[in-house]
Student: 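Have a look at this one.
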Amino acid sequence: MISIRGVHLEVKHIPRTCQSPTEVPKPACVFLHEGLGSVALWKDFPEQVCDALNCEGWVYSRQGYGKSDGINDVRGTGRLQADYMHHEALEVLPELLRTLNVSNPMLLGHSDGGTIALIHASQCSVAACVVLAPHVMVEDISIQAIAQARDNFDKLRPRLAAFHKDVDTAFWQWNDVWLSEAFRSFDIRPMLHNIQCPLMAIQGVDDAYGTLAQIDDIALRVSQAQLVKLENCGHSPHKDQPAEVLQALKYFSNSLGKIQRH
């Protein structure tokens, strides 16, 4: 656990397994979880990534998720606001990175975590940014899927309870803000042109939470963006097509090294 602004956050460190004394250090990979994610819900994917890329990694659970501190009155006075991802990206994440003594990381974010990564990369210095099924604007398909999750929460609760100490807080902070009227106008596309770092966006063609317009709109605004569209893949590319995602990450990391040498 580490404390950020008085909030204790669950943090996991993945050390680099092999490093030559003459090798240029690689950027640390910082993992940003989805709207219902946590350190535990990533399972062993961060270790697989760090092993494949030969880098160290940091994984953390945002407030209200995993083993991090909870949120009082999450459906009332503690309810998330429509700009909660901006707050996480521009206030919490920078302080977390300073506390961990991590500079110029490679951000790897899934879903909400991907959006947070994009916002941060648009305003802060990062070595690279990889986003899995990010949200750059709100689509009807997203609202429909999240409303369906709300209707099925009683069935979801036992599965989610394995990954969060307070599953109700984890679920409702995400579900309530996404289904709020204020969130319908959420749109980070005007910020994307500020992203200068290497960027890769990965999405499944069968994503129930967003169409391919999400990553196509990134490419329209970020000229260096590399897109990966995966067949037979839903909203979690790293779970549905793990081998393809790791292969894409290796290719991206190798190209990043060439860019840095030039």
Student: For residues 222-249, which residue pairs qualify under salt bridge (charged side-chain N to carboxylate O under 4.0 Å, His left out), counting only residues two or more places apart or in two chains?
Tutor: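 Residue pairs passing salt bridge (charged side-chain N to carboxylate O under 4.0 Å, His left out), neighbours aside: D216-K229.
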Student: Hey, is the main chain of P237 close enough, under 3.5 Å, to the side chain of H110 for a donor-acceptor pair?
Tutor: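 Such a contact is absent between H110 side chain and P237 backbone.
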Student: So, does S180 use its side chain to make a donor-acceptor pair with the main chain of V177 at under 3.5 Å?
Tutor: yes
Student: Run R157 and D168 through salt bridge (Lys or Arg N to Asp or Glu O under 4.0 Å) and show every step you take.
Tutor: CA-CA 8 Å; R157 182 187 275 111; D168 290 277; 2.9 Å; yes
Student: Any donor-acceptor pair under 3.5 Å linking the side-chain atoms of Y84 with those of W174?
Tutor: no
Student: For D217, check side chain to side chain contact (heavy atoms under 4.5 Å, CB included) against everything at least two apart and list the hits.
Tutor: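 Expected list: V136, M137, R189, L220, R221.
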Student: Sort out for me which residue in L93, L192, N194, I188 forms a side chain to side chain contact (heavy atoms under 4.5 Å, CB included) with I119.
Tutor: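 So the option named by the test is I188.
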Student: Ignoring hydrogens and angles, state whether a donor on the side chain of S61 or E10 is under 3.5 Å from an acceptor on the partner side chain.
Tutor: yes
Student: Under the rule for salt bridge (charged side-chain N to carboxylate O under 4.0 Å, His left out), what residues qualify as partners of R5, not counting sequence neighbours?
Tutor: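 Counting only residues at least two positions away or on another chain, R5 forms a salt bridge (charged side-chain N to carboxylate O under 4.0 Å, His left out) with E91, E95.
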Student: Any link between L108 and V245 through a network of hydrophobic side chains (Ile, Leu, Val, Met, Phe, Trp, Tyr) touching at under 4.5 Å?
Tutor: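 Shared cluster, yes.
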Student: Among Ile, Leu, Val, Met, Phe, Trp and Tyr joined by side-chain contacts under 4.5 Å, find the other residues sharing a cluster with F163 and list them by chain and number.
Tutor: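 Traced through the cluster, F163 reaches L41.
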Student: Tell me whether R16 contacts the main-chain N or O of N54 through its side chain, where contact means a donor paired with an acceptor under 3.5 Å.
Tutor: yes
Student: Please identify which of these residues, E34, H33, K165, meets the side chain to side chain contact (heavy atoms under 4.5 Å, CB included) condition with Y65.
Tutor: H33
Student: Restricting to side chain to side chain contact (heavy atoms under 4.5 Å, CB included), what partner residues turn up for A121, sequence neighbours left out?
Tutor: V126, C129, I195, C197
Student: Under the rule for salt bridge (charged side-chain N to carboxylate O under 4.0 Å, His left out), what residues qualify as partners of E139, not counting sequence neighbours?
Tutor: none
